[in-house]
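Numbers here are sequence positions counted from 1. The structure displayed is predicted, hence computed values, not measured ones. In what follows, every heavy atom counts, from backbone to side chain, and hydrogens, waters and symmetry copies are set aside.
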Amino acid sequence: ISREEEGREYIAQIKKEHHKANHSCSAMIVGDDGQIKRSSDDGEPSGTAGVPMLTVLEKQGLTNVVAVVTRYFGGIKLGTGGLIRAYSGSVAHAIEEIGRVEVKELTGLTVELTNFLEKEGLQEFDTTFLSDVSTTLFVEKSDIEKLGQELTEFYQGKVNYEKSGKKIVEIPI
């Protein structure tokens with residue numbers, strides 16, 4: 001999410017989707033520096049759901065994220081400790097399953113190349129196949145000069161490249 005309102009809308013959507021559930025507890029952190037933090041126990045005893053969920057998000061260093069755990073009461077009372085473990089554990093497990101990404105703005109570099117991508121483990125975007133192959137790579141701005149030198153060396157000076165815009169991408173952590 002990028003705004004608190006977006007998080008609230010998502011929570012409302014989940015509650016509507018699971019309208020027969022007893023609880024849809026939530027936690028969210030919004031802002032590049034995590035300035036906005038919200039949590040809700042949604043009827044569970046105070047401090048047993050939303051805050052533990054929020055703590056997991058904080059410990060993972062996540063921001064611009066919302067988590068909702070929906071619980072249907074099954075007849076067994078979990079107690080305070082059980083609720084805390086259930087809600088925080090659900091969020092931790094979801095993060096482990098989904099994985100984390102870092103959102104970055106990278107600088108584009110359009111390159112004419114062949115085997116260099118595989119050697120360097122780079123991902124390409126906007127590839128065109130004309131008389132030459134042209135593709136765009138997005139890399140850290142600080143890596144452009146080094147990558148240019150490596151391309152020139154790899155292709156023995158027979159490669160053309162130029163800066164080509166910027167792109168926000170998610171990079172698995």
Side-chain angles (χ1 to χ4, degrees), residues 1-74 76-109 117 120-126 135-147 163-173:
I1 59 172
S2 58
R3 299 175 294 108
E4 183 177 358
E5 185 57 36
E6 194 177 340
R8 292 188 187 285
E9 289 169 4
Y10 180 75
I11 294 166
Q13 173 190 334
I14 296 299
K15 284 184 173 190
K16 183 177 180 182
E17 185 178 326
H18 297 278
H19 63 276
K20 291 185 179 181
N22 297 81
H23 309 280
S24 285
C25 303
S26 60
M28 77 171 94
I29 301 176
V30 184
D32 292 338
D33 297 319
Q35 306 90 307
I36 300 170
K37 297 178 183 180
R38 303 284 184 261
S39 65
S40 169
D41 294 320
D42 193 37
E44 292 285 23
S46 181
T48 61
V51 171
M53 293 168 61
L54 185 62
T55 301
V56 172
L57 299 177
E58 290 172 326
K59 285 184 178 178
Q60 289 287 328
L62 298 176
T63 188
N64 294 329
V65 65
V66 62
V68 182
V69 177
T70 299
R71 183 168 93 99
Y72 291 81
F73 183 65
I76 298 173
K77 294 193 179 216
L78 300 177
T80 302
L83 289 170
I84 291 170
R85 283 189 298 278
Y87 283 104
S88 62
S90 294
V91 173
H93 181 71
I95 292 168
E96 185 178 311
E97 285 296 310
I98 295 168
R100 297 175 13 188
V101 296
E102 183 175 6
V103 177
K104 286 186 168 186
E105 179 181 76
L106 300 179
T107 301
L109 190 64
L117 291 177
E120 295 297 322
L122 295 170
Q123 188 177 15
E124 59 185 300
F125 298 87
D126 305 326
T135 191
T136 302
L137 311 172
F138 288 92
V139 299
E140 297 278 351
K141 191 174 187 177
S142 60
D143 292 339
I144 289 177
E145 188 175 320
K146 178 179 177 251
L147 185 58
K163 286 185 184 178
S164 176
K166 297 181 184 299
K167 184 179 190 99
I168 303 294
V169 299
E170 293 181 352
I171 301 170
I173 297 176

Looking only at heavy atoms, what is the nearest atom pair of [X] and [Y], with distance?
X: V66; Y: Y10; answer: CG1-CD2, 3.6 Å
X: V139; Y: L106; answer: O-CB, 3.5 Å
X: A49; Y: Y87; answer: CB-CD1, 3.5 Å
X: A27; Y: L54; answer: CB-N, 3.5 Å
X: S46; Y: D41; answer: CA-OD2, 3.4 Å
X: T70; Y: A21; answer: CG2-CB, 3.4 Å

Look at the side chain of S90 and the backbone N and O of A86, then say whether any donor-acceptor pair between them is shorter than 3.5 Å. yes
Looking at K167 and E105, is any side-chain nitrogen of the basic one under 4.0 Å from a carboxylate oxygen of the acidic one? no
Side chain to side chain contact (heavy atoms under 4.5 Å, CB included) against [X], all qualifying residues, sequence neighbours excluded:
X: D42; answer: K15, H23, S24, C25, S40
X: I76; answer: none
X: V101; answer: E170
X: E6; answer: I1, S2, R3

Answer yes or no: does atom CD of E5 have more than 12 heavy-atom neighbours from other residues, nucleotides or ligands under 6.0 Å? yes
More than 12 foreign heavy atoms under 6.0 Å from NZ of K141: is that the case here? no
For residues [X] and [Y], determine if any side-chain heavy atom of one lies less than 4.5 Å from a side-chain heavy atom of the other.
X: V103; Y: V169; answer: no
X: M53; Y: L57; answer: no
X: I95; Y: L62; answer: yes

To the nearest 0.5 Å, how far apart are [atom1] in [X] and [atom2] in [Y]?
X: F73; Y: L78; atom1: CZ; atom2: CG; result: 8.0 Å
X: R38; Y: I29; atom1: CZ; atom2: CD1; result: 11.5 Å
X: T136; Y: K163; atom1: OG1; atom2: NZ; result: 14.5 Å

For the side-chain contact (heavy atoms from CB on, under 4.5 Å) test, which of Q35, E9, M28 pairs with E4? M28
According to the side-chain hydrogen bond (donor to acceptor under 3.5 Å, both in side chains) rule, which pairs have a member within residues 54-63, sequence neighbours left out? K37-E58, Q60-R100
Pairing residues for K146 by the side-chain hydrogen bond (donor to acceptor under 3.5 Å, both in side chains) criterion, not counting sequence neighbours: E150
